[in-house]
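Since we're looking at a predicted model, the values are computed, not measured.
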Amino acid sequence: MKISFLPLLISLLLGLTASSHAASKPPVTTIYLVRHAEKDPTAGADDPALTPAGEARARLLAKRLARRHPAALFTTDTRRARATLAPLAQAVGLVPQSYNAQAPDALAVHIYQDYAGKTVVVVGHSNTLLPLLKALGVQTALTEIKDAEYDYLFKVELRPNEPARLSMSHYGAAPVPTPPAAVGRPMGQTH
């Protein structure tokens, strides 16, 4: 049985941050997580671009989250994830930081240590967002994000000495299902 000490570590890091702000209201760290927007379904494309619907969704994401004044933006090093974050990056004047989607615990610790009390935005993939939510200390009833689902917006709030809070919403138009892509996607490939 694997025991994860990450939630305990995160609690300790947030507690240390809170003690330095004891005289004021404890800081809330807010993390918005989304999957990249609609990608070109052309079979065989290793790093597809966004479709026009995906570009529209990316602009809507920027409009929705720019007013939250994020302190940092995180993206995987894929064309579709970078393009999803590009309008927000331009709107808030930040350069997105690349992260390894296969190491969710490392990103969670980085956010806790370096962005406590701030807001950050993370763009991931259908098969990487749920592990990242778990690394941030929250659970969701979702067991998977389907390939045609691009409209989830997860919000995680972290307060010192309290359990992490998750709220889930949708943004943009409901995605239009695309025909099944090529079967046999390599293991570990992000969606």
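With no hydrogens or angles considered, a side-chain donor-acceptor pair links H125 and T76 at under 3.5 Å. Y150 and R57 form no side-chain donor-acceptor contact under 3.5 Å, judged by distance and modelled atom types alone.
Here the CZ-NE2 distance, from R80 to H36, works out to 4.5 Å after rounding to the nearest 0.5 Å. If you take OG on S98 and CG on L73, they are separated by 12.5 Å, rounding to the nearest 0.5 Å. Taking NZ from K134 and CG from L132, the interatomic distance works out to 12.5 Å, rounded to the nearest 0.5 Å. Expressed to the nearest 0.5 Å, how far CG of L107 lies from CD of Q97 amounts to 9.0 Å.
Proximity of the aromatic rings of H110 and Y99 is defined here by a centroid distance below 6.0 angstrom, and this criterion is not met.
Transitive grouping of hydrophobic side chains (ILVMFWY, heavy atoms separated by less than 4.5 Å) keeps V28 and V138 in distinct clusters. The hydrophobic cluster containing V122 does not contain V34, counting ILVMFWY residues as joined when their side-chain heavy atoms lie under 4.5 angstrom apart, directly or transitively. Side-chain heavy atoms closer than 4.5 Å link hydrophobic residues (I, L, V, M, F, W, Y) into clusters, and following such links, possibly through other members, connects V123 to L65. Hydrophobic cluster membership differs between L88 and L33, with clusters built from Ile, Leu, Val, Met, Phe, Trp and Tyr side chains linked at under 4.5 angstrom. In the hydrophobic clustering of ILVMFWY residues, with side-chain heavy atoms under 4.5 Å counting as a link, L136 and F154 come out together.
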D147 and K39: CA distance, side-chain angles, deciding distance, side chain to side chain contact (heavy atoms under 4.5 Å, CB included) verdict: CA-CA 10 Å; D147 200 42; K39 64 183 177 180; 3.9 Å; yes
Check against side chain to side chain contact (heavy atoms under 4.5 Å, CB included), K155 and T30: CA-CA 7 Å; K155 178 182 178 183; T30 305; 3.8 Å; yes
One pair to check against salt bridge (charged side-chain N to carboxylate O under 4.0 Å, His left out): R79 and D40. What are the steps and the verdict? CA-CA 11 Å; R79 188 174 174 189; D40 183 348; over 6 Å; no
Show your working on side chain to side chain contact (heavy atoms under 4.5 Å, CB included) between L130 and T140 and close with a plain yes or no. CA-CA 8 Å; L130 298 181; T140 176; 3.6 Å; yes
Please test D77 against R82 for side chain to side chain contact (heavy atoms under 4.5 Å, CB included), starting from the C-alpha separation and ending with a verdict. CA-CA 7 Å; D77 193 23; R82 289 189 312 267; 2.8 Å; yes
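Considering all non-hydrogen atoms of both residues, T75 and P96 come closest at CG2-CB, 3.8 Å. Closest of all the heavy-atom pairs between K146 and E149 is N-OE1, 2.7 Å. Considering all non-hydrogen atoms of both residues, P27 and G117 come closest at CB-CA, 3.4 Å. In plain terms, the two heavy atoms of T84 and A37 that are nearest each other are OG1-N, 2.9 Å. The two atoms that bring P87 and A62 nearest to each other are C-CB, 3.5 Å, heavy atoms only. Among all heavy-atom pairs drawn from R35 and I145, the shortest one is CD-CG2, 4.4 Å.
Residues K118 and I111 form no side-chain contact, since every pair of their non-hydrogen atoms from C-beta on lies 4.5 Å or further apart. Taking 4.5 Å as the limit, some side-chain heavy atom of T119 sits within range of a side-chain heavy atom of Y32. Counting only heavy atoms from C-beta outward, the side chains of V92 and P70 approach each other to under 4.5 Å. With a 4.5 Å cut-off on side-chain heavy atoms, L153 and R64 count as touching. Within the 4.5 Å cutoff, side-chain heavy atoms of T128 are placed close to those of Q102. Between E38 and L50 the shortest side-chain heavy-atom distance does not fall below 4.5 Å. Residues L133 and L166 are in side-chain contact: their nearest non-hydrogen atoms beyond the backbone lie under 4.5 Å apart. Between T29 and Y112 the shortest side-chain heavy-atom distance does not fall below 4.5 Å.
With a 6.0 Å radius and a threshold of 12 heavy atoms from other residues, nucleotides or ligands, Q90 has its CD atom at or below the threshold.
Classified by interplanar angle (parallel below 30°, tilted 30° to 60°, perpendicular above 60°), the ring pair H170/Y152 is tilted.
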